[in-house]
Structures are given as structure tokens and as C-alpha cells.
**Student:** 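Handing you this structure, nothing more for now.
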2 protein chains.
Amino acid sequence: MTKPVTLKDIARETGVHVSTVSRALDPNARTSLTTEVVERIRTAAERMGYRPNRLASGLRTRRTMTVGLMLPDIANTLFPPIVRGVESILEPKGYASIIVNTDGDREREGKLVDVLLQRGVDGIIHAAPYRSDPRMVAVSRQGMPMVTVNRQIENSQIPAVINDDAGGIAEMLHYLYDSGHRQIAHIAGPQTLSTGRGRMEAFKVATRELGLDLPEHAIAVSSHFDEDEGRRCTRELLATGWKFTAILCANDRLALGAIDELHRHGLSCPDHVSVTGYNDIPFLDLIPPGLTTIRIQQFDAGRMSAELLVKMMTEPDATIPRTTILPVKLIERGSVKRIT
Amino acid sequence: MTKPVTLKDIARETGVHVSTVSRALDPNARTSLTTEVVERIRTAAERMGYRPNRLASGLRTRRTMTVGLMLPDIANTLFPPIVRGVESILEPKGYASIIVNTDGDREREGKLVDVLLQRGVDGIIHAAPYRSDPRMVAVSRQGMPMVTVNRQIENSQIPAVINDDAGGIAEMLHYLYDSGHRQIAHIAGPQTLSTGRGRMEAFKVATRELGLDLPEHAIAVSSHFDEDEGRRCTRELLATGWKFTAILCANDRLALGAIDELHRHGLSCPDHVSVTGYNDIPFLDLIPPGLTTIRIQQFDAGRMSAELLVKMMTEPDATIPRTTILPVKLIERGSVKRIT
DNA sequence: TGCTTTTGCGCAATCGATTGCATTGAACGT
DNA sequence: ACGTTCAATGCAATCGATTGCGCAAAAGCA
């Protein structure tokens, strides 16, 4: 690699000291320097193709202008829009981000946090925390600016940007109720995740408020937010013998699995059973019968989490909202049938 | 942030010089040190929770153990699997990656390369280059290890890991031919990209070899690999009045757009017109009529590109294949109808 | 004009880890 | 027993940028 131009090179070229060059190139501290000198240095820097060495400046200032972005899995379509939202704020401000995939594995999460710390990130945006996540809480307590997005760590002071799960689930349940459904099953997400737990709690609250008296086995709990678990939980529900007319699923992939499993049992959606999802992942509108779901604002959630993080990194004493809840929207498609 | 433990801290604690600590902790250079000392230092380091500062070591050694990963858009489902493939190699070796999204914008690409250079990346994996991309070629010429994946920069020495476009297109065309189709249109990808250009050339070659005599306007060229352009090109094809029975599209999203546009004109796929895609993006099997397409190996492409890059970074004199072509596979679904 | 204040810039330490060279002490050979 | 060799560790420079302090010259003041 051709040796890059350094401050020293510019200093030699312009006949001044490197500290002068440093000051001349610093847009903030350009105090007490002749404009003539500043101009001379800046043109020289430009001409020589100077690019500041972020490593060196990071070492000295203890600010690397790097943030860590922890995801469960970038290949899960839920997360790329969050990433873009985050970048939309960070990149213009000069931050670069290191993305790591935890695969929902606590041990990996631990290793990856270490990786981020070794690289001296200025802050961390965590889209894959567990409801209880002592390690991340500890890192945060040590003073590392941190925000969670999409999920949250319960009983912690870590700011979270989440979607209105309670509102979304309630709205969906009312929608099913208004469509005539009374026997409504729920395929819940993993109870170790705030989204899985929160949506299940919301389901219980909302059914109670509606006066629905559902059997104990109306809820099947999945261990992963994926199609296979959607299928397994559907089998579990069918095996109870209970005659439900709708399944409210904690996310879209569980719902896709549920629809598939219903078909295998000769039950069609929505003719025999209505199914609803959550998140509104891409291409859902093209997949028959068109999953009725709750659209969440992934990009905005990413954007807002980055805004909060920047504030935490640059204004340590600023007041940061503990929880930011974004509104959601019911998307009506074909997977819910009105019954009488 | 609580001050991290440094070599100096360990040196003070164990009563030796920092250079001794450095050597004791270096798995390679642990030569000529008493095992007793090494052991004492290593346990102390462990106990104190030492984490090496990658910035400092990178500054000194000029190896940051960081690579840049340039994508068009992480939200495009084609790319996350490539990213995971890349990480599967880099992460275990201690590399972190900085991901940037070019959005197919040359100016942005330039800025982002600068960002990567400032951060002293040891190498770059580029999944979003143009067929002609002088800036990236220049960076490569300066000695920056670089590999392109999925696409390639033509007339350059930059190693590329790509899929067998010629083979895939030929296979698909033969498949259509064998299904009785003779009037076959092509919606080509952007001609500024090696994939768009290459697949179109392959289409021409393969039609010639089959003795198909297609009209000039059998090919509609898109400006982006997306649904809207698929629709526009389909309108263009329909407007010619030529009676084609199949459209071979340069990628899946163009194909989805094409099917949609055909429907709007009262033409169904595959009953009136057969349509084929390329890439085999997720959920395609769930979208009727099931797009017949070519499956490419994204994860493996990512993995191999990372393997090549690692080799370039660690063995500067190693021989690196200029082009690595991965096999593809035709996935038969319902969007092609056999005609007589 | 002589003294104080301000301005403009250089000096040198610093961030944490690495590494060529110097040094010390012990082992070795004769 | 004494010079030589080698093993084990210390010393100090270095990577590139930043920044508190200091110094000299210029400006301001009476």
C-alpha cells in the first residue's frame, strides 16, 4: 500500500510544525492561527491528498467515531431497514459502524461485545438483546453509551426504541373480534425476548378486556421467530382439539409457518382459519392469501435509536428518554375472513 | 467509560516491563521468555480483564484487522447472505468489517472508499462495482487488497468471485426451448453492471446457438434491477406488438415486476406468458405461480471472496485466481408452461 | 519609550502496543 | 578462573494525531 500522507508530510512541505498543521485542519480549533497560514496549509493538504488517520486520532482522543451494531442476523429481513435507518444518521456525522450477528446466542453475544470494546467503539446499538441481559447491562453501567432497538432489556436503564406492541396486538385482536372471531389462538414468540413476552402479555390483557374466555391452551409458545416453530405451534394447537377460528401470531414468519401447516391438515386460510402476522416483512403482499399484519417502522426505529445514541455520545449529561415507542399500523390483506 | 486495562497496568502489577508483557501475551513471539514469567503475566492479564487495544496495535503494526465491505444496499435480499458468508471466514480470524451501502451511486462510492481508507482497512470486498470503475482500480493499484464478489470490474486485475451467468442463462434458455418456447423475450439488467451486461450477452449467444431468430426488440434493457423497471420493460415489450410466449428476466425482481405488469394487461403467467427469474431470492416459492429461476450461491460467494482476500492480505505474493466462477442451479417452479 | 498583554506558533508529552537493540546475568568452554 | 556466548528482559523509538504549555514577537497602553 502506498504510504499515505501524514500531518508530518504537510508540515515539512509547508515549513510549519505538525501541531500547526493539526490546528489548521481542525474545523473547530482553528482559533489563533493566521488565515494566511491556514489557507496555505489547507491547500497543501488538499493538493497532497491528505486523509486523516482515524486510528491515530482515535488513540489520542479516545473517540474512534465508530459504533457497534449488534443484530441477531442481518439475513433476517426485519433488520436491514433498521441498519439503513441507523446509517442514515451516523454516516453523515462521520461515524462508521461495525455490524455483528449474534445469532441469538448468548455466548456469541459476549464474544462480539468484546470485539466491539477492543475496537473502542464510542457506543453500541443493540437490536438483539435478551429481556434479561446482565452482560450488556454491565457494559452500559461501565459508561458505554448504549441504545437498544426493536427489543429492550427489562429492568435496566438502557434507552430503548421499540414499537407499540401492546397497541398493535390490541388493535389486531379487536380487528379479529370485529370480524366475528371469538375463538382466537395465539402463537407467541420466545419468552426470553421482550417482543415475544410483551406481545403475549398484550394478547392476554386484550382478550380479558374483550371478555373473551379462552382456554389455557389457546396460547402456544414458540422458541424461535421462524416458520418451523410456526408449524410446530400450529400442530400443538390443532392437537388440543379446541376449535379456534383464528390464530394471532407474534410475527409474520410464525404466521407463514402456521398457514403452511394448516394447509397440510387440509385447512385453508382464511376459509377455515384466519391468520394474522406482525412486522410486515417484504413480499408479504405477493404471498397468498396476503397476510393481514401489523406494520412497524423499522427504518425510523433505526434512525431514532441512532439519534439517541449520538446524543448520549456527545452530550453525556443530556436527558434521554428511557423508552421511545413508535406507532404501528394494521395492514389489512386477505388472511382474515369475516365470520358470523 | 471505565478506563480499560493496558499493558502498562499489567507491567506495574507484575513488576516487569511493558515490552515483556507484550511479548508474553503475543502467541507468536513468545520466544525467549521464561515460562514462569509468561504464566505469571498471562494469569495477571486474565485476572485484570485485559483487552488489547486494537487501535494502538493497528497504528503501530499498520494492520487494523478490519476490512471494508461495499454493498449496493444491505436491504436488497441478495446481499445479506453474502455478508454472512464473508463474516463466516473473517470473524473467526479476528477481522471486523465495516459495511457501507453505495446505493449504486458513483459519488457515494467515492466518499465511502475514502471512509474505508481513513480507517486503514486491510482490504476491501466490493459487491457493488461498476463494469468500469477507475477509482476502485486505482485504489487496488496502490496496493490495497481487493476482491469483488457477485459482480466484476472488467479489464482489471481485481480478483472476482462470480456466478456462472453464461451457464445459467444458457441453461434457462434451453429449458424454455425444451418446453416448446421459440419466441422468447429478454428483460436485461443495467448495462453498466457486469451481471446485467453479461447475462444479456449470454442470452444473445445462447439464442444464436439454438438457431432462434429473434427480432431486435426481443430485448428490453432495464436501468435498475427492480420491480418497477420490470414493469416498464414489459410494457415496452408488449408495445412492440411482437407475440412472445416467454420472458427470460435478468433477475427475480425484474421478473416479479413483469408478472405483475402482464396481469394488468390481462395476461396471466404462465398461461399466456412464461416468465423466468435469476438469483432465487427468499420467499419466491411462496409467491404464485412460483418463479422458475436460477439459484446462485450467495453465501459461498461471500465465503470464497473472503478467503481470497485473507490470502491477499496475509500472503502478498500468493497467486490469486483472477476469476472464480461458482456453479448455478435451475430451480423449476410454476412460472413456465410447456407449450406445443 | 518602556512595560504589559495578546497573538501566533513551536515544543514535547501523550494515547497503547510493538520491536530492534542494548544490557545483564548466568551458563559454558578450556 | 576468566573470557565468551547465549538466554531473558529492559530501554526507547515508533506509529499519527492531539493539546497543554511556553516562548517570542507584535500590539496595546500610559
Side-chain angles (χ1 to χ4, degrees), chain A residues 1-42 44-45 48-66 94 117-122, chain B residues 1-42 44-45 48-66 94 117-122:
Chain A
M1 198 59 201
T2 310
K3 202 166 168 302
V5 179
T6 70
L7 288 189
K8 201 188 287 184
D9 299 327
I10 301 177
R12 194 182 317 112
E13 192 77 5
T14 55
V16 298
H17 196 265
V18 306
S19 60
T20 307
V21 178
S22 174
R23 282 187 260 259
L25 262 31
D26 182 347
N28 307 321
R30 210 180 316 160
T31 54
S32 85
L33 274 202
T34 322
T35 51
E36 184 267 325
V37 171
V38 170
E39 210 40 53
R40 185 155 51 89
I41 294 175
R42 291 178 59 97
M48 300 169 72
Y50 172 71
R51 298 277 173 276
N53 181 326
R54 295 268 189 183
L55 280 195
S57 86
L59 180 59
R60 174 65 219 242
T61 62
R62 311 189 140 284
R63 296 195 67 214
T64 56
M65 296 303 282
T66 306
L117 293 181
Q118 285 186 14
R119 290 174 184 275
V121 295
D122 294 339
Chain B
M1 197 60 199
T2 309
K3 203 166 168 299
V5 178
T6 71
L7 288 189
K8 200 188 287 183
D9 299 328
I10 302 177
R12 195 182 316 114
E13 191 77 4
T14 55
V16 298
H17 195 264
V18 307
S19 61
T20 307
V21 179
S22 174
R23 280 187 263 259
L25 264 29
D26 183 347
N28 307 321
R30 211 178 318 163
T31 56
S32 87
L33 274 201
T34 321
T35 52
E36 185 267 323
V37 170
V38 170
E39 210 40 53
R40 185 155 50 89
I41 293 175
R42 291 178 57 96
M48 300 170 69
Y50 173 70
R51 298 276 172 280
N53 182 327
R54 294 268 188 184
L55 279 195
S57 86
L59 178 60
R60 174 65 218 244
T61 63
R62 308 190 143 285
R63 296 195 69 215
T64 56
M65 297 301 281
T66 306
L117 294 181
Q118 285 187 13
R119 290 176 183 275
V121 295
D122 295 340

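Lettering follows sequence order; numbering is per chain, from 1.
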**Student:** Between atom CG in Leu55(B) and atom P in dT18(D), what is the gap in whole Å?
**Tutor:** 13 Å

**Student:** Could you check whether Gln118(B) and Arg54(A), counting side-chain N and O atoms only, form a donor-acceptor pair closer than 3.5 Å?
**Tutor:** yes

**Student:** Contact class for Pro52(B) (heavy atom, under 4.0 Å): base, sugar-phosphate, or nothing?
**Tutor:** sugar-phosphate

**Student:** Closest nucleotide of DNA chain C for Thr20(B) versus for Leu59(B): which of these residues is on the 5' side?
**Tutor:** Leu59(B)

**Student:** Whole Å only: how far is the CG atom of Leu7(B) from the P atom of dT18(C)?
**Tutor:** 6 Å

**Student:** Mapping Arg60(B) and Ser19(B) onto DNA chain D by nearest heavy atom, which one lands closer to the 5' end?
**Tutor:** Ser19(B)

**Student:** Roughly, in whole Å, what's the span from NE2 in His17(B) to C1' in dT23(C)?
**Tutor:** 13 Å

**Student:** Taking the nucleotide of DNA chain D with the nearest heavy atom to each, does Ala56(B) or Glu36(B) sit closer to the 5' end?
**Tutor:** Glu36(B)

**Student:** Report which part of the nucleic acid Thr34(B) touches: base, sugar-phosphate, or nothing (heavy-atom distance under 4.0 Å, all strands).
**Tutor:** sugar-phosphate

**Student:** On the side chain of Thr6(B), is there an atom forming a donor-acceptor pair with the base of dC15(C) - under 3.5 Å, no angle test?
**Tutor:** no

**Student:** Indicate, with a heavy-atom threshold strictly under 4.0 Å, whether Val37(A) touches base, sugar-phosphate, or nothing.
**Tutor:** sugar-phosphate

**Student:** It should be established whether Ser22(B) places a side-chain nitrogen or oxygen under 4.0 Å from OP1 or OP2 of nucleotide dT18(C).
**Tutor:** yes

**Student:** In whole angstrom, give the distance that lies between atom CE of Met65(A) and atom P of dC15(C).
**Tutor:** 22 Å

**Student:** About how many Å separate NE2 of His17(A) and NZ of Lys8(A), when rounded to the nearest 0.5 Å?
**Tutor:** 10.0 Å

**Student:** Does a distance-only test, which skips hydrogens and angles, find a donor-acceptor pair under 3.5 Å between the side chain of Arg23(A) and the base of dG8(C)?
**Tutor:** no

**Student:** Could you tell me whether Val21(B) contacts a base, only the sugar-phosphate backbone, or nothing, with contacts defined as non-hydrogen atoms closer than 4.0 Å?
**Tutor:** nothing

